[in-house]
Number of protein chains: 2
Amino acid sequence: MATAPDPEDLTARARIRDAAMRHFAEHGFERATIRGIAETAGVSSGLVRHHFGSKQALRDACDEWLVRTIRRLNDQAVADMRAGEISNYVAAARSSMLPHSRYLTRSLAEGGAGVLFDEMVGMTEQWLADYVKANPEASEVNVRHWAAVITAMALGVPILFPHLSRAMGVDLTTSEGDLALSETLLHAYSNPLLTRQEAAKLRAGLAKQERGEPR
Amino acid sequence: MATAPDPEDLTARARIRDAAMRHFAEHGFERATIRGIAETAGVSSGLVRHHFGSKQALRDACDEWLVRTIRRLNDQAVADMRAGEISNYVAAARSSMLPHSRYLTRSLAEGGAGVLFDEMVGMTEQWLADYVKANPEASEVNVRHWAAVITAMALGVPILFPHLSRAMGVDLTTSEGDLALSETLLHAYSNPLLTRQEAAKLRAGLAKQERGEPR
DNA sequence: CAGCGTCCTACACGTGCGTGTAGTCTCCTA
DNA sequence: TAGGAGACTACACGCACGTGTAGGACGCTG
């Protein structure tokens, strides 16, 4: 289960990248410094520049590496699931994302990691295609739009993790907190806030407003 | 309907605060500069320091002003709704938030504006209390937790606005985009992704895992 | 009018940053 | 063994930033 490090790892380049991901995750891109990253990696700041050229390029390299890593983990999880070796795809995806979630959410919130967002939307879209097949009454919507909105909403949770933790009154980094969050998420995903009738009514209101009704 | 500016407005202090909100919203706290804010406000950079003391204090003042403003608009919307003058509370809240949404979402994503987040959770919690009264079958969850999660998820949409816009293939800043987003949101809020049976099953799995099952 | 507080500007200071440059060391290859 | 490329360091540059300081302009109060 231990994620085998890339063969190219253990090199200074890999150490720099790992350190950069930690610093970007913890302090954000702006506050993170090349000198700090270099120190964490145990190299000189010049070497960072030698390997990556610029701070922005270092960030791009981190994004790209994360895309590759998550894609690999996802492919493996899908294969495991196909082989019947694993039952809970969501849990697998979650555990593969978790070590990088802080980096990922920061990058997303800062407007980066677009490729990853799109990829997640794509995965969700595939998932929803099956869902719509089983629930034809939900097919009145553009599935890609739906997938994008669901993805954005789902990402709101890790992005606002500190706020959420405080508002819930539970430290979400503990296992109790994780359990409480998981239960709440299951509840949220299984309890619609609007009935289909209410939604239809509001949708009609939207259309009317669109036709020129003042707000 | 035009929001009357505070009497203290039009002063240099107010102009600085407005400019700061624009810069923080557009560039984020780190990238925004006091000199740039001062230029936008048409004053010297020293005056910014004179009125607010430091960059962080300026940010705090912006947060505080936004809390006051949104609270005022919300109270007014509630009053209007009680008086039967307005039908759609969501639309009212949305339009009152919209001008500040970029500032708000950036601040939230950067870990700030905690007071506002908590306040939104509180509003959602009140709303959910009514909901649970009407739907007693949904009462097995901690309502505060539920409110916090819903709030975080709902905020994921504006926080990831650019990503969402790109993934949907629609410019969400246009009225067509706004309509598409609204319809998708109504769909998302009225179509649960899990049945209550599925959720119960997964919840049982969670409990089992908690009791020591290896992942 | 004198005094004073407030609003406001101009300008300098120190710092930490990303970046640039020159040079050393190590290892591989011909 | 010569040489050359890549890995790596030390160090300096220049700049933009937040912050500090000195002082002017205005208006109010005695």
Side-chain angles (χ1 to χ4, degrees), chain A residues 5-66 103 106-107 109-113, chain B residues 5-66 103 106-107 109-113:
Chain A
D6 283 347
E8 71 175 19
D9 264 6
L10 300 179
T11 64
R13 185 185 165 90
R15 288 207 314 280
I16 291 170
R17 190 232 303 128
D18 289 350
M21 294 206 61
R22 286 223 293 282
H23 279 244
F24 289 155
E26 190 152 357
H27 309 110
F29 179 71
E30 300 294 339
R31 296 184 66 113
T33 69
I34 290 185
R35 283 170 173 83
I37 291 168
E39 190 179 358
T40 298
V43 300
S44 71
S45 67
L47 190 61
V48 177
R49 174 167 173 76
H50 170 72
H51 277 301
F52 296 95
S54 73
K55 194 183 181 186
Q56 182 57 48
L58 174 57
R59 183 202 191 136
D60 294 343
C62 287
D63 279 4
E64 196 197 341
W65 179 85
L66 188 57
Y103 174 87
R106 264 215 195 256
S107 188
E110 289 168 359
Chain B
D6 284 344
E8 72 176 19
D9 265 4
L10 300 178
T11 64
R13 185 186 164 89
R15 288 206 315 279
I16 291 170
R17 190 233 303 127
D18 289 350
M21 293 206 60
R22 285 223 294 281
H23 279 244
F24 289 156
E26 190 151 358
H27 308 109
F29 179 71
E30 300 292 339
R31 296 185 65 110
T33 68
I34 289 184
R35 284 170 173 84
I37 291 167
E39 190 180 357
T40 298
V43 300
S44 70
S45 67
L47 191 61
V48 177
R49 175 167 174 75
H50 170 72
H51 277 300
F52 295 94
S54 74
K55 195 183 182 186
Q56 182 57 49
L58 174 57
R59 183 200 191 140
D60 294 343
C62 287
D63 279 4
E64 195 197 343
W65 180 85
L66 188 58
Y103 174 86
R106 266 217 193 254
S107 189
E110 290 168 358

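Every chain is numbered from 1 and lettered A, B, ... according to where its sequence line falls, protein lines coming before strand lines. Only this structure's heavy atoms are used, side chains among them; waters, hydrogens and symmetry mates stay out.
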Point to revise | Nucleotide dG6(D), atom P - distance to CZ of Arg13(A) in whole Å | key: 14 Å

Exercise for review: Kindly indicate whether the side chain of Arg35(A) and the base of dG16(C) share any N or O donor-acceptor pair separated by less than 3.5 Å?
Suggested key: no

**Study point:** Arg31(A) charged N/C atom sitting above Phe24(A) aromatic ring, 6.0 Å / 45°
**Key:** no

Study note, to complete from the structure: When rounded to whole Å, the CZ to P distance for the pair Arg31(A) and dG18(D) reads 12 Å

Check your understanding: Ala38(B) near the nucleic acid: base, sugar-phosphate alone, or nothing, with a heavy-atom cut-off under 4.0 Å?
Key -> nothing

Point to revise | Gap between atoms CZ and C1', on Arg59(B) and dG18(D) respectively (whole Å) | key: 16 Å

Practice item. To the nearest Å, give me how far apart NE2 (His50(B)) and C1' (dG24(D)) are. Key: 14 Å

Review point. How would you label the contact of Ala32(B) with the nucleic acid (heavy atoms, under 4.0 Å): base, sugar-phosphate, or nothing?
Key: sugar-phosphate

**Study point:** Rounded interatomic separation in angstrom, taking CD from Gln56(B) and P from dT19(D)
**Key:** 9 Å

Review point. Nearest of dG18(C), dT9(C), dT19(D) to any side-chain atom of Val43(B)?
Key: dT9(C)

Review point. Picking from dC11(C), dT19(C), dG18(D), which would you name as closest to the side chain of Ser45(B)?
Key: dC11(C)

Check your understanding: Is the shortest heavy-atom distance from the side chain of Tyr103(A) to the side chain of Glu26(A) under 4.5 Å?
Key -> no

**Study point:** Check: Arg17(B) side chain, Cys62(B) main-chain N or O, donor-acceptor pair, under 3.5 Å
**Key:** no

Practice item. Verify the contact: side-chain N or O of His51(A) to OP1 or OP2 of dC8(D), cut-off strictly under 4.0 Å; return yes or no. Key: yes

Check your understanding: Should the heavy atoms of other residues, nucleotides or ligands under 6.0 Å from CD of Gln56(B) be counted, would the total exceed 12?
Key -> yes

Review point. What is the distance from CG of Leu58(B) to C1' of dT19(D), rounded to the nearest Å?
Key: 14 Å

Exercise for review: For Glu30(B) and dG16(C), give me the distance from atom CD to atom C1', rounded to whole Å.
Suggested key: 13 Å

Review point. So, the side chain of Arg106(B) versus the backbone of Phe29(B): is there a donor-acceptor pair under 3.5 Å, distance only?
Key: no

Practice item. Would you mind classifying the nucleic acid contact of Thr33(B) as base, sugar-phosphate or nothing, using non-hydrogen atoms under 4.0 angstrom? Key: sugar-phosphate

Point to revise | Separation of atom CZ in Arg15(A) from atom C1' in dC8(D), rounded to whole Å | key: 11 Å

Check your understanding: At under 4.0 Å between heavy atoms, what does Leu47(A) touch on the DNA or RNA strands: base, sugar-phosphate, or nothing?
Key -> base

